[in-house]
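When a ligand or atom number is given, it counts from 1 through the structure's own listing order.
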Amino acid sequence: MREHGFRETLICRLEKIKGGNLYRQIQPVEGPQEEWVTIRGQKTLSLSSNNYLGLANHPSLKKAAVRAVKEFGCGAGASRLISGSMIAHEKLETRLAQFKKTESALVFPTGYHANLGTLSALMGQDDIIFSDALNHASIIDGCRLSGANIKVFRHRDMDHLKKLLKEHTAYQHRLIVVDTVFSMDGDIAPLADIVELAKTHNTWVMVDEAHATGVFGPNGAGIVEKLGLSQDIDIQMGTLGKALGCMGAYVAGNHDLIEWLTNKSRGFIYTTALLPSAAATALAALELVQKEPIRRIHLMENSSLLRNDLSQLGFNLGSSSSQIIPVLIGSESTTLSLQEELFNRGVWGQAVRPPTIPMGTSRIRLTPMATHTKDQLRQVVTAFSEAGRALGII
Ligand SMILES: *Cc1c(COP(=O)(O)O)cnc(C)c1O
């Protein structure tokens, strides 16, 4: 037997992450994504999906999906530049551009593709990217893949960003990139200040509205819409997989941006297009998002209820001001114990550990849905109260 054989190496590596309480396991869930999910045979309240508006199992979306399968079949055949661009994608892009108040939009198979494919197509080795320290992994990977110089500014720290902008001027093109709603902390980027700095320092701006699309703004188009900054952002990215309850992602901006990405974005060109049924489903989701603002209102009410009650119990929720509520614990093992204690009380709250978040900031990441009832949320608070006391956290 080889001493450093393939399997032995993997087992050794796995043991190491298990030892550090960083081992991850896929948890099978029965049935659709809803407020209640069945895990290990137990019915639990899910506070762990990004299906914020409860659209993933909505009858209108399912109907749109089934109808689209009948009309367009299953697969898209190839990349859209190869097999031709199907009507479902075209319609969705037209609608997305309206929704985001931009000239144009381009659909990607996932948000991961969109961020990698956009950052790497736009930026290169003569350029520099200013990136928030808590940006999503797909932005980090996109920055790295682009080959551009990268300067990471302290999370939401505008003085630090300004200092870096002043220090690093000798580049061909400069770009600031941020999540608008941070995925693991639920706080919000100071976008108006960022736009101001970008203007003063002649820098492009890209935003990732993954957790804001469908949630913020009068029409649910995101933080950019809420703040009226549509004309000031060069690149607006978002996903269809979270509040829209579907799958895929978009980049919205001017015609030339979309033309450039169509020609140069490897995350768009070298991958099979989104399922046409997914495009049709996302279109149905956009209709609902615009027609039923009450879902956003319920989501905000539910988020406030949970934030108020949990902080009153003495839990540390960081700076969350959205539907993403981190219950900050710190130690990996205590976070895992809390997850288990909550599960035993019928609550599914996902433990988030490094490298998803910085070392020593492990947490239970709670994400209420618009469709949770107040009673269900009170059940969650009770579970936290009991579990927190059992573990000596509160
Ligand atoms: C989820 C997420 C993505 C990736 O989107 P997918 O469509 O799930 O690939 C990108 N950015 C942020 C901030 C996210 O939270």
Side-chain angles (χ1 to χ4, degrees), residues 24 26 33 48-53 55-56 61 89 92-93 96 100 105-120 129 131-146 152 155-156 175-189 191 194 205-216 221-224 233 235-252 261 265-268 271-275 278-279 281-282 285-286 299 320-326 350 352 355-358 363 365-367 369:
R24 300 174 190 228
I26 289 173
Q33 284 291 343
S48 289
S49 91
N50 300 324
N51 176 24
Y52 301 124
L53 300 177
L55 297 184
L61 271 71
H89 300 112
L92 176 59
E93 286 172 347
L96 279 166
K100 298 298 290 185
L106 188 67
V107 169
F108 287 76
T110 73
Y112 192 83
H113 282 81
N115 275 335
L116 262 68
T118 301
L119 286 159
S120 62
I129 304 173
S131 176
D132 187 286
L134 295 188
N135 274 344
H136 190 261
S138 56
I139 295 180
I140 297 171
D141 292 358
C143 290
R144 289 178 182 158
L145 186 62
S146 75
V152 175
H155 181 48
R156 296 200 304 159
L175 171 75
I176 303 169
V177 59
V178 290
D179 284 18
T180 55
V181 175
F182 287 89
S183 55
M184 296 298 137
D185 291 75
D187 52 355
I188 295 172
L191 207 53
I194 289 172
V205 182
M206 172 170 172
V207 296
D208 177 335
E209 296 253 55
H211 296 279
T213 306
V215 175
F216 287 94
I223 295 290
V224 172
I233 308 285
I235 307 133
Q236 299 190 51
M237 173 271 177
T239 75
L240 310 170
K242 288 169 180 163
L244 296 181
C246 188
M247 189 180 183
Y250 63 84
V251 171
L261 293 178
S265 174
R266 296 167 73 88
F268 172 77
T271 189
T272 302
L274 192 67
L275 292 177
T281 311
L286 282 173
L299 180 62
S320 163
S321 54
S322 70
Q323 76 283 11
I324 298 169
I325 307 173
Q350 188 61 253
V352 178
T356 306
I357 38 106
R363 65 200 64 184
R365 175 183 180 269
L366 294 180
T367 47
M369 296 165 60

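Looking at Thr110 against ligand 1, both its backbone and its side chain come within 4.0 Å, counting heavy atoms. With a 4.0 Å cut-off on non-hydrogen atoms, Asn115 touches ligand 1 through its side chain and not its backbone. Heavy atoms of Met247 found under 4.0 angstrom from ligand 1: none, in either backbone or side chain.
Minimum heavy-atom separation, Pro109 to Gly267: CD-O, 4.0 Å. Residue Ala221 comes nearest to Glu209 through the heavy atom pair O-OE2, 3.9 Å, listed as atom of the first residue, atom of the second, then distance. Closest approach of Ala105 to Leu96, counting heavy atoms only: CB-CB, 3.9 Å. When all heavy atoms of Leu191 and Val224 are compared, the closest pair comes out as CD2-CG2, 3.8 Å. Considering every non-hydrogen atom in both Ala279 and His89, the closest pair reads CB-CD2, 3.9 Å.
Every heavy atom of Ala249 sits 4.0 Å or more from the atoms of ligand 1. The closest approach between any non-hydrogen atom of His113 and ligand 1 is not below 4.0 Å.
For ligand 1, the atoms lying closer than 4.0 Å to a non-hydrogen atom of Ser138 are 10 (C), 11 (N). Near Asp179, meaning under 4.0 Å from any of its heavy atoms, are these atoms of ligand 1: 13 (C). Those atoms of ligand 1 with a heavy atom of His211 less than 4.0 angstrom away are 14 (C), 15 (O). Each of the following atoms of ligand 1 lies closer than 4.0 Å to a heavy atom of Ser183: 15 (O). Interface of Asp208 with ligand 1, defined as ligand atoms under 4.0 Å from a residue heavy atom, comprises 10 (C), 11 (N), 12 (C), 13 (C). Below 4.0 Å from some heavy atom of Thr239 lie the following atoms of ligand 1, by number and element: 5 (O), 7 (O). Less than 4.0 angstrom separates some heavy atom of Gly111 from each of these atoms of ligand 1: 4 (C), 5 (O), 6 (P), 7 (O), 9 (O).
Considering Phe108, Tyr250, Tyr112 only, the shortest heavy-atom separation from atom 4 (C) of ligand 1 involves Tyr112. When the options Met237, Glu209, Lys242, Met184 are ranked by their closest heavy atom to atom 14 (C) of ligand 1, first place goes to Lys242.
Counting only distance, with no hydrogens or angles, the side chain of Asn135 and the backbone of Asp179 share a donor-acceptor pair below 3.5 Å. Looking at Gln323, its side chain does come within 3.5 Å of a backbone N or O of His211 through a donor-acceptor pair. Side chain of Asn51 to backbone of Ala56: a donor-acceptor contact under 3.5 angstrom is found. With Ser322 contributing its side chain and Gly186 its backbone, the two residues share a donor-acceptor pair below 3.5 Å.
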